[in-house]
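Just so you know, these numbers use all the heavy atoms, side chains as well, and skip hydrogens, waters and symmetry mates. Keep in mind the model is a prediction, meaning the values are calculated, not measured.
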Amino acid sequence: MSQPTSEKSLLRYFGLGELAAHGGNAILAFWMIMGMAFFLFADQNLIAPNLRNIAGSFGITDQKEIDWKLGGLIPICFFVLGGFVSVYMGYLTQRFPRKPLVIGTVLLGEIPCLLSGFARSYDEFLILRTLTGFGLGGSFPLLFSLVGDYFSDKSRSTAAGYLSLSMGLGVGLGQMVGGTLGTADPINGWRESFIYMAAPSFLFMLIYGLFCKEPVRGGKERELANVSADLNSEAVRLTWKDIRTIFATKSNIGIFMQGIPGCVPWGVFFVFLNDYYEFQYGMPKDSASALVIFAAVGIFIGTFFGGIVGQKIYDTNKTLLPIFCGSMILIGILPTVYLLHAGNVAGSSAFIFINILTGIIISVTGPNVRALIMNVNPPKSRSSMFALYNLTDNLGNGLGPAMAALILTVLPDRTQAFTIAILFWIPCGLAWLYILKNFKHDEQKMHEELAAEAGRIKRTA
């Protein structure tokens with residue numbers, strides 16, 4: 001008897017064996033999704049290594065003005081717009097095929113990113129960076145919804161880890177390219193970084209648009225496995241009852257509770273850390289950028305292996321997964337705060353290791369949150385739930401640097417202001433106790449509802 005395709009494919013060695021069962025077109029689509037996610041998120045952190053270079057191009061010289069206009073106002077506009085676009089995108093995925101929506105969000109996000117390199121004034125730059133939020137906000141629920149339909153709950157943590165890793169690698173590459181070009185050309189290097197990071201997205205979008213198909217929504221749910229594709233569409237139409245169910249699912253509420261405070265430190269980490277190293281510790285720009293890149297390497301490692309370890313924990317004992325996630329968030333506070341108080345250690349080689357270790361610890365939870373969303377929400381609700389989750393994420397990412405900038409108006413000491421922002425991980429970690437209490441029940445309830453829906457459709461047929 002021949003083996004199933006998923007057991008023959010080399011993808012099984014990477015935790016992606018289920019993808020092979022969909023055929024070569026799905027494999028191509030998956031990697032195109034990875035590529036689009038990579039470059040969509042690559043522009044997210046291009047400002048950080050060049051705060052003063054960009055400010056100088058627009059005649060902004062006061063430190064508080066730099067922190068607010070580039071580190072505060074732009075992230076607020078960028079992420080908050082992206083968050084609300086994300087919510088509306090969750091609605092659109094129920095009305096239209098997801099493939100053209102993916103193409104549209106890439107265009108809406110990357111065209112303003114490309115044009116950011118040609119901005120002639122701060123106001124133009126602010127508008128273009130705000131519009132780029134369309135791409136980031138719209139892509140998040142779409143891409144995770146698509147990936148969720150390629151994999152069952154046996155592989156979703158791993159798959160979410162790959163997609164999260166792609167996004168994280170994009171952020172890291174953007175940081176590196178921005179810092180490198182900004183050091184080589186302090187006047188126009190930052191402009192080139194926006195152009196270079198936007199252009200490749202159009203190639204991935206073109207290949208995806210011409211050659212790839214989207215998966216059947218809910219196709220990997222065992223309860224819907226014997227329901228035809230035509231009837232399957234009946235089971236994935238989102239109604240107002242389903243929207244109410246999203247908010248009635250206690251695990252979703254827990255995810256929202258940890259989302260906003262949890263993203264405040266990330267906003268500070270990505271927006272200000274490069275500049276902090278440069279001016280607090282007196283490092284050259286390229287050395288400061290290199291340290292943040294080392295932290296990004298840790299984030300890549302933590303994101304990827306966090307998904308793999310999370311899947312192993314989930315398969316062994318589901319109860320341990322929320323404990324693992326909450327504990328790692330709380331543990332991550334200590335090394336992150338130390339990065340701000342390192343003193344003379346910042347000039348030693350040990351500081352490189354501390355940056356890598358910090359990145360690993362603080363990033364392992366991310367892919368497991370996204371896998372948890374897939375596992376407690378039915379296929380028809382996933383896009384909307386990811387959209388709402390992304391709203392809390394974006395509110396946190398926007399409020400993080402903005403809050404730090406506002407604290408700086410009261411506390412002139414940047415170290416104190418950023419330390420306060422990092423401590424927002426405390427309520428984030430504690431919120432996982434609420435998720436721990438409810439997620440097993442919510443997952444079981446979701447499968448029961450899918451089984452009832454499949455039975456109803458079969459009787460109708």
Side-chain angles (χ1 to χ4, degrees), residues 31-51 53-54 70 74-75 78-79 81-82 85-86 102-103 105-119 125 128-140 142-144 161-184 189-208 266-267 269-271 273-274 289-290 292-301 303-304 359 363 366-367 390 393-394 397 401:
W31 294 116
M32 290 304 102
I33 288 171
M34 296 298 106
M36 287 187 287
F38 182 95
F39 285 102
L40 277 167
F41 279 74
D43 74 357
Q44 180 178 333
N45 211 32
L46 290 176
I47 294 177
N50 290 299
L51 278 176
N53 291 357
I54 297 172
L70 293 175
I74 287 178
F78 179 90
F79 286 114
L81 174 67
V85 168
S86 182
V102 169
I103 295 171
T105 54
V106 172
L107 288 173
L108 286 172
E110 295 297 15
I111 290 174
C113 178
L114 188 74
L115 295 177
S116 295
F118 301 95
F125 189 67
L128 290 169
R129 291 307 296 153
T130 300
L131 293 176
T132 305
F134 273 103
L136 195 71
S139 66
F140 192 91
L142 279 171
L143 298 184
F144 276 101
Y162 275 99
L163 186 52
S164 300
L165 176 65
S166 180
M167 294 172 176
L169 285 171
V171 173
L173 180 69
Q175 178 85 33
M176 182 176 70
V177 170
T180 301
L181 294 176
T183 301
W190 68 268
R191 296 181 182 276
E192 296 172 358
S193 67
F194 283 97
I195 297 169
Y196 294 160
M197 289 296 97
S201 292
F202 299 107
L203 175 61
F204 286 97
M205 179 204 68
L206 184 64
I207 295 174
Y208 182 78
W266 282 106
F269 195 92
F270 283 123
V271 173
L273 192 61
N274 200 116
S289 296
V292 175
I293 291 169
F294 280 118
V297 169
I299 291 172
F300 307 152
I301 296 170
T303 299
F304 179 67
S363 60
N390 196 39
D393 250 18
N394 284 342
N397 284 327

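- Atom CD1 in I195 sits 13.0 Å away from atom CG in D43 (nearest 0.5 Å).
- Atom OG1 of T183 sits about 8.0 Å away from atom CG of N53, to the nearest 0.5 Å.
- A119 approaches R191 most closely through the heavy-atom pair O-NH1, 2.6 Å.
- Listed for the S193 side chain is a donor-acceptor partner under 3.5 Å among the backbone atoms of W190.
- Under the side-chain contact (heavy atoms from CB on, under 4.5 Å) criterion, L108 pairs with F134, not counting sequence neighbours.
- Between V106 and F39, the closest side-chain pair of non-hydrogen atoms is not below 4.5 Å.
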N/O donor-acceptor pairs under 3.5 Å from side chains in residues 196-206, not counting sequence neighbours:
{"residue": "S201", "atom": "OG", "partner": "E110", "partner atom": "OE2", "Å": "2.7"}

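- Among residues two or more places apart in sequence or in another chain, the side-chain contact (heavy atoms from CB on, under 4.5 Å) test is passed with S289 by P49, N274, K285.
- Considering CG of L163 and CZ of F38, their distance stands at 13.0 Å, rounded to 0.5 Å.
- Between P112 and T132, the shortest heavy-atom contact is CB-OG1, 3.6 Å.
- For A290, there are no side-chain contact (heavy atoms from CB on, under 4.5 Å) partners, not counting sequence neighbours.
- Counting heavy atoms from C-beta outward, I47 and F194 have side chains that approach closer than 4.5 Å.
- Atom CZ of F300 has more than 12 heavy atoms from other residues, nucleotides or ligands within 6.0 Å.
- Taking 4.5 Å as the limit, every side-chain heavy atom of L40 sits out of range of all side-chain heavy atoms of M167.
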*Given side chain to side chain contact (heavy atoms under 4.5 Å, CB included), test Y208 with I33 step by step and report yes or no.*
CA-CA 8 Å; Y208 182 78; I33 288 171; 4.2 Å; yes

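- The minimum heavy-atom distance between A37 and L143, with the atom names listed, is CB-CD1, 3.8 Å.
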*Chi angles and distances behind the side chain to side chain contact (heavy atoms under 4.5 Å, CB included) call for W266, I299*: CA-CA 11 Å; W266 282 106; I299 291 172; 3.7 Å; yes

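- Side chain of S166 to backbone of Y162: no donor-acceptor contact under 3.5 angstrom is found.
- Between the CD1 atom in I54 and the CD1 atom in I74 there is a gap of 7.0 Å [rounded to 0.5 Å].
- Atom CG of L181 sits about 9.5 Å away from atom CG of L46, to the nearest 0.5 Å.
- Here the straight-line distance linking atom CE of M176 with atom CG of L169 works out to 10.5 Å at 0.5 Å rounding.
- The closest side-chain heavy-atom distance from L128 to F118 is not below 4.5 Å.
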